[in-house]
4 protein chains.
Amino acid sequence: MDEKQERRDNILEAAALVFSEKGYHQARVEEIAVQAGIGKGTVYEYFASKLELFQEMFGTLLGRWFEELYGTEVWEGPVVEQLRRILVVHLEFINRNARLARVTFVDSYGVDQELDQWMYEQRQEKVERMEQFFCEGIQRGEFRDDLDAALLAQIFTGALASVVVPVVMEEIEIDAAATANRVLEVLMHGIAAR
Amino acid sequence: MDEKQERRDNILEAAALVFSEKGYHQARVEEIAVQAGIGKGTVYEYFASKLELFQEMFGTLLGRWFEELYGTEVWEGPVVEQLRRILVVHLEFINRNARLARVTFVDSYGVDQELDQWMYEQRQEKVERMEQFFCEGIQRGEFRDDLDAALLAQIFTGALASVVVPVVMEEIEIDAAATANRVLEVLMHGIAAR
Amino acid sequence: MDEKQERRDNILEAAALVFSEKGYHQARVEEIAVQAGIGKGTVYEYFASKLELFQEMFGTLLGRWFEELYGTEVWEGPVVEQLRRILVVHLEFINRNARLARVTFVDSYGVDQELDQWMYEQRQEKVERMEQFFCEGIQRGEFRDDLDAALLAQIFTGALASVVVPVVMEEIEIDAAATANRVLEVLMHGIAAR
Amino acid sequence: MDEKQERRDNILEAAALVFSEKGYHQARVEEIAVQAGIGKGTVYEYFASKLELFQEMFGTLLGRWFEELYGTEVWEGPVVEQLRRILVVHLEFINRNARLARVTFVDSYGVDQELDQWMYEQRQEKVERMEQFFCEGIQRGEFRDDLDAALLAQIFTGALASVVVPVVMEEIEIDAAATANRVLEVLMHGIAAR
DNA sequence: GATGAATGAGTGTTCATTCAT
DNA sequence: AATGAATGAACACTCATTCAT
């Protein structure tokens with residue numbers, strides 16, 4: 001039983017590797033099998049199709065990531081500290097998994113209609129979770145009450161994604177804590193000279 | 001001669017349409033030919049391969065966009081107004097070309113090694129142009145001088161991209177001017193309660 | 001030992017069911033195993049291959065059928081009554097085993113060279129047995145002596161097969177006795193107006 | 001235009017050859033292509049799938065056969081002569097196309113649900129055409145009016161199929177005219193001694 | 001003996017690209 | 001120049017068979 005799960009995870013890991021290197025369309029099921037050290041047919045014992053394997057891999061990956069980032073643990077401190085924590089964890093995660101993170105960039109839209117929608121929904125869910133943080137921050141009086149939480153969530157998400165691009169693309173490591181602080185500083189107090 | 005250019009543009013237009021709807025891999029050369037109202041073979045009279053056609057289409061498109069957004073025209077007013085203008089133009093452009101804009105989201109990384117690099121470079125160039133704006137803003141005293149222009153450029157770019165996602169994905173139109181103002185307000189004065 | 005035979009028959013029964021529903025090529029060994037309530041590997045403990053299983057199943061089935069239809073029991077009455085009896089038994093058998101009878105229709109030729117030949121031989125044997133009936137009928141003066149017994153056997157066999165098609169294909173039940181009488185009437189006294 | 005038709009027919013001919021030799025499942029699309037002297041991909045320019053190719057081949061073949069056998073030409077003579085003609089044409093056709101005729105025997109049921117139905121319907125259509133002959137014969141007073149035309153059609157069809165089996169299976173040639181006469185004699189005047 | 005997880009040979013189908021017309 | 005019929009390399013997926021447990 002445990003062994004089945006192990007083998008499954010094994011395949012998912014291999015899939016993550018190959019998909020992130022080649023993108024969905026360039027990836028060959030056989031290469032994933034070889035990477036996992038098993039026969040081609042065995043992949044199909046665990047996943048119904050290449051697409052399902054991709055979705056499962058992607059979902060599992062994103063799920064784990066999410067859990068790590070926005071996990072259910074209660075956070076009692078100031079929201080801004082929560083944001084800082086998210087930024088740091090996020091950046092550290094990317095530092096450690098640059099290649100894996102490419103999956104989210106590589107050849108992912110357009111795979112198929114259904115997947116597109118699913119990925120967009122995943123993204124939206126993430127944004128909505130962020131929105132709640134900002135709502136809470138506004139209610140607690142930490143954040144300005146004349147701003148739209150949804151917009152803040154969008155901008156925060158975008159900023160986060162943007163900062164991460166060079167890490168992923170050039171496999172440059174960045175200083176998670178320092179970068180998080182700098183990004184937060186900008187978002188918290190703005191650009192304008194005072 | 002002019003006719004050749006016209007035919008070429010014709011194909012590029014058809015390519016943009018089809019690639020943006022289907023993504024690179026799902027798009028069929030024949031469909032592009034049909035869309036352009038020509039024979040399949042003719043495409044190959046103007047472009048050596050599907051990949052070259054994609055690159056050409058993508059480059060031309062991005063070039064035009066860039067020109068419109070960050071064109072060479074001298075801008076004398078405050079940098080913040082320049083940013084506002086960029087935001088507005090950008091949002092309006094997306095409003096008008098949501099489908100076309102999908103190209104930049106759809107199935108673009110992973111097409112091939114070379115193209116990935118090229119697209120990343122395009123993105124970096126854009127970010128660097130933005131960086132110059134922020135540098136100028138800092139020098140002019142419009143922006144805080146304790147912030148890193150490169151980081152600001154990243155954040156701005158990310159925010160811009162992020163705000164645009166729903167427009168592209170759900171083909172919702174947004175109020176360009178209002179959204180621009182709201183984004184700018186956040187970026188300029190920050191989130192923190194005062 | 002007896003248990004082994006039971007298990008074997010069990011598999012044959014399952015095979016008959018699945019092969020008759022799907023035909024040889026569409027039938028999956030695993031489905032037969034499931035149908036027999038055993039593991040896939042076990043099938044191979046009793047039969048060397050899918051083909052052998054099919055041949056065994058088919059032969060056994062046809063053998064039993066044959067025995068029932070043209071069994072060795074001596075028949076003393078008029079040949080025409082013998083024919084009637086064969087018709088009735090045949091039709092009743094089909095009524096009861098329509099699905100099973102499909103095996104002989106479904107996807108059976110072309111399975112493999114050897115099997116084709118074997119099936120043809122089975123058919124020929126059946127025809128030859130019929131031929132003997134007609135010979136006897138002619139000798140006894142029941143049938144016209146200006147006809148070729150072999151041809152009569154062919155025609156009788158064909159008529160029998162033909163009448164049975166709708167039963168097998170549409171799983172319609174027919175009145176065995178009535179149909180037998182009507183077929184015999186035609187064959188005995190001909191179509192021509194008198 | 002004519003050329004396209006020629007090529008198409010070319011493929012159909014090759015398909016008939018290969019399908020009749022191997023049966024549907026054993027036949028390889030590539031072998032058909034090679035047989036037709038073209039590339040594998042070309043087959044798919046003319047037929048959407050292996051199944052469609054088979055159906056088209058089978059339908060065309062049966063259609064031609066039908067046309068030749070029961071063609072629309074008005075027949076003014078006695079129905080019995082029409083039947084004789086059908087028998088003769090049928091037997092001559094089989095003599096000339098024994099291998100082709102195997103197609104209808106080989107591996108045809110069970111190919112797929114849809115095809116099964118279609119083939120059965122083809123058969124039924126044929127039987128129904130026959131039924132009309134017998135109806136007409138009965139109305140004209142040529143045939144007994146106490147018999148069911150539908151049953152006669154079944155029996156005639158079965159007899160026809162049965163007589164043909166050895167030709168197809170053993171590639172023995174038979175004397176079409178003589179056999180037709182003998183079959184008709186049996187069917188018309190019956191087996192019973194008078 | 002029984003099992004079912006693992007295997008990989010085998011094949012239908014797609015589609016970018018070519019080239020004779 | 002323009003075409004589109006022809007091509008065949010490439011690949012996802014199936015399933016009979018094996019064999020370690």
Side-chain N or O of C:R7 closer than 4.0 Å to phosphate OP1/OP2 of E:dG1: no
[X]: which residues meet the side-chain hydrogen bond (donor to acceptor under 3.5 Å, both in side chains) condition with it, sequence neighbours left out?
X     : value
A:E56 : A:R8
C:D9  : C:Q5
D:E45 : none
B:E31 : B:K22

Secondary structure of DNA chain E in dot-bracket form (Watson-Crick or G-U wobble, distances below 3.5 Å, | marking inter-strand pairs): .||||||||||||||||||||
Round to the nearest Å and state the distance from [X] atom [atom1] to [N] atom [atom2].
X     : N      : atom1 : atom2 : value
C:E6  : E:dG1  : CD    : C1'   : 16 Å
C:R8  : E:dA2  : CZ    : C1'   : 17 Å
D:K22 : E:dT11 : NZ    : C1'   : 14 Å
A:I11 : E:dT7  : CD1   : P     : 9 Å
A:Q26 : E:dA16 : CD    : C1'   : 13 Å

Side chain to side chain contact (heavy atoms under 4.5 Å, CB included) involving [X] - partner list, sequence neighbours excluded:
X     : value
D:E30 : D:V34, D:K40
C:Y44 : C:V29
C:N10 : C:A36

Leading and trailing nucleotides of DNA chain F with any atom under 4.0 Å from heavy atoms of chain B: F:dA1 to F:dA6
Between A:F19 and A:Y24, what is the ring plane arrangement, given parallel below 30°, perpendicular above 60°, and tilted in between?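 Plane angle under 30°, so parallel.
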Is C:A48 touching bases, backbone alone, or none of the nucleic acid, heavy atoms closer than 4.0 Å? nothing
Do B:Q26 and A:H25 have side-chain heavy atoms sitting under 4.5 Å apart?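 Sidechains of A:H25 and B:Q26: in contact.
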B:K50: salt bridge (charged side-chain N to carboxylate O under 4.0 Å, His left out) partners, not counting sequence neighbours: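 Not a single residue meets the salt bridge (charged side-chain N to carboxylate O under 4.0 Å, His left out) criterion with B:K50.
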For C:E121, what residues pass the salt bridge (charged side-chain N to carboxylate O under 4.0 Å, His left out) criterion, not counting sequence neighbours? none
Here's a test of your reading of the structure: between A:A27 and A:E45, which maps to the more 5' nucleotide of DNA chain F? A:A27
Reading DNA chain E from 5' onward, which residue's closest nucleotide shows up sooner: A:Y46 or D:R28?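 The residue mapped nearer the 5' terminus is A:Y46.
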Pairwise 5' ranking along DNA chain E for B:S49 and D:S49, keeping only the more 5' one: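 Mapping each residue to its closest nucleotide by heavy atoms, the 5'-most match is D:S49.
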DNA chain F contacts made by residues 29-40 of chain A, counting heavy atoms under 4.0 Å: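 Output list: A:V29, A:K40.
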